Amino acid sequence: MPLLVHRVILFSHNTVEESSIRNVSLVKRRNGIIVALSLAGLLSVILLGEGCASKHPPAAIRFPITNGFHTLLPTEQQRILIWGERTLLNVTEEWLRSHHYSYILSHPQIGDSALDREAVLSLATEQQAEFVLLLERDELKTGALIESHCGPRFNISVTVRGLALVSRETVFRGSAYYPHCVDRTNEVYENLTCQALATTWGFRPSGQLEIPSSLACTSGQIPLSTTR
């Protein structure tokens with residue numbers, strides 16, 4: 001084979017090998033980039049998932065939201081009949097007694113029986129009560145202000161409603177609820193009941209305020225020695 005032809009063949013062969021090496025290198029580099037991007041994307045998804053799973057309501061919005069009003073409140077000497085679920089009943093009776101209401105008639109709700117307004121009013125009349133205080137609670141799995149679905153938790157609210165026996169009309173009312181889903185515990189019901197009562201009596205304004213429930217349970221208390 002002539003020398004020139006031999007060199008051309010070698011050159012062509014070397015060129016093909018170099019091109020193949022470059023192509024293999026590019027493929028490896030491209031595959032490395034794809035793997036790196038895939039890992040980065042997977043890591044982002046994992047971190048995002050962890051963030052969603054561990055998301056909790058900010059501390060600034062963990063206080064209950066309340067609303068309430070009164071046009072007439074019972075005096076300390078007037079007899080009050082309170083009706084509701086046992087946990088709410090106990091908290092309300094303690095709250096009323098700590099505010100020097102002495103004439104309290106407690107009637108716990110039996111099971112999950114619905115409120116029979118006329119029956120409760122008739123019972124209050126028989127026992128010569130002048131006011132009826134109805135205690136109600138709602139437990140939902142949806143509809144919280146900042147969480148559309150509660151999962152294993154609940155969207156809980158407590159409502160207190162006062163009726164005057166003379167008019168048989170609502171003369172005071174208050175409610176309290178958390179903006180986020182919460183566990184169904186006695187502490188939650190106690191906190192919301194105190195907040196609703198304090199708002200109804202005017203010891204705290206309506207709205208979402210940084211008022212601990214412990215203060216709502218004791219606000220408005222006056223030592224007996226200073227009462228007039």
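Just so it is clear, the structure is predicted and the values come from calculations on it, not from any experiment. Just so it is clear, the values below take in all heavy atoms, side chains as well, and ignore hydrogens, waters and symmetry mates.
Summarising the geometry, atom CG belonging to N186 is positioned 4.5 Å from atom OG1 belonging to T87; distances are rounded to the nearest 0.5 Å. One distance of note links CD of Q195 with CG of L209; it measures 9.0 Å at 0.5 Å rounding. The CG atom of L81 lies 12.0 Å from the CD atom of E130; values are rounded to the nearest 0.5 Å. Atoms CD and OH, from Q77 and Y103 in turn, are 7.0 Å apart once rounded to the nearest 0.5 Å. Rounding to the nearest 0.5 angstrom, the gap separating the CD1 atom in I104 from the CZ atom in R97 is 4.0 Å. Atom CG of residue L140 and atom CZ of residue F154 lie 10.0 Å apart, to the nearest 0.5 angstrom.
In plain terms, the two heavy atoms of A144 and C181 that are nearest each other are CB-SG, 3.9 Å. A pairwise comparison of heavy atoms in L72 and F172 identifies O-CD2, 3.3 Å as the closest pair. L163 and L134 get closest at one heavy-atom pair: CD1-CD1, 4.0 Å. In plain terms, the two heavy atoms of Q109 and E85 that are nearest each other are OE1-N, 3.6 Å. Counting all heavy atoms, side chain and backbone alike, N67 lies closest to S206 at CA-OG, 3.2 Å. The two residues C217 and H99 make their nearest non-hydrogen contact at O-CE1, 4.2 Å.
The side-chain heavy atoms of L105 and L123, taken from C-beta on, include no pair separated by under 4.5 Å. In this structure, the side chains of Y178 and V188 come closer than 4.5 Å at one or more pairs of heavy atoms. Taking the side chain as every heavy atom from C-beta outward, L165 and T125 approach each other to under 4.5 Å. The shortest distance between side-chain heavy atoms of R117 and V120 does not fall below 4.5 Å. Contact of the E147 side chain with the R153 side chain is not registered, since no non-hydrogen atoms from C-beta on lie closer than 4.5 Å. Residues S157 and L192 are not in side-chain contact: their nearest non-hydrogen atoms beyond the backbone lie 4.5 Å or more apart. Taking the side chain as every heavy atom from C-beta outward, F63 and N191 never approach each other to under 4.5 Å.
Other residues, nucleotides and ligands place no more than 12 heavy atoms under 6.0 Å from the CD atom of E94.
The list of salt bridge (Lys or Arg N to Asp or Glu O under 4.0 Å) pairs with a residue in residues 168-181, not counting sequence neighbours, reads E118-R168.
Remark: side-chain polar atoms of H107 are not paired, donor with acceptor, to backbone N or O of W83 under 3.5 angstrom. Between the side chain of R79 and the backbone N or O of Q127, at least one donor-acceptor pair lies under 3.5 Å. A donor-acceptor pair is defined here as one N or O able to donate and one able to accept, closer than 3.5 Å; such a pair exists between the side chain of K141 and the backbone of G151.
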Exercise for the section: For L96 and W201, run side-chain contact (heavy atoms from CB on, under 4.5 Å): C-alpha distance rounded to whole Å, both residues' side-chain angles, the deciding distance at 0.1 Å, then the answer. Expected result: CA-CA 11 Å; L96 289 172; W201 258 255; 4.1 Å; yes
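Taking the centre of each ring, Y101 and W95 stay at or above the 6.0 Å mark.
Counting only N and O atoms by type, the side chains of Y189 and E139 include a donor and acceptor under 3.5 Å apart. Residues T159 and E136 bring no donor and acceptor atom of their side chains to less than 3.5 Å of each other.
Follow the hydrophobic side-chain contacts under 4.5 Å out from F203 and you reach L73 in the same cluster. Hydrophobic cluster membership differs between V182 and V91, with clusters built from Ile, Leu, Val, Met, Phe, Trp and Tyr side chains linked at under 4.5 angstrom. Under a hydrophobic clustering in which Ile, Leu, Val, Met, Phe, Trp and Tyr are joined whenever their side-chain heavy atoms come within less than 4.5 Å, directly or via other members, L197 and L88 fall into the same cluster.
Take T66 and apply the side chain to side chain donor-acceptor pair (under 3.5 Å) test, not counting sequence neighbours, and it matches T199, R204.
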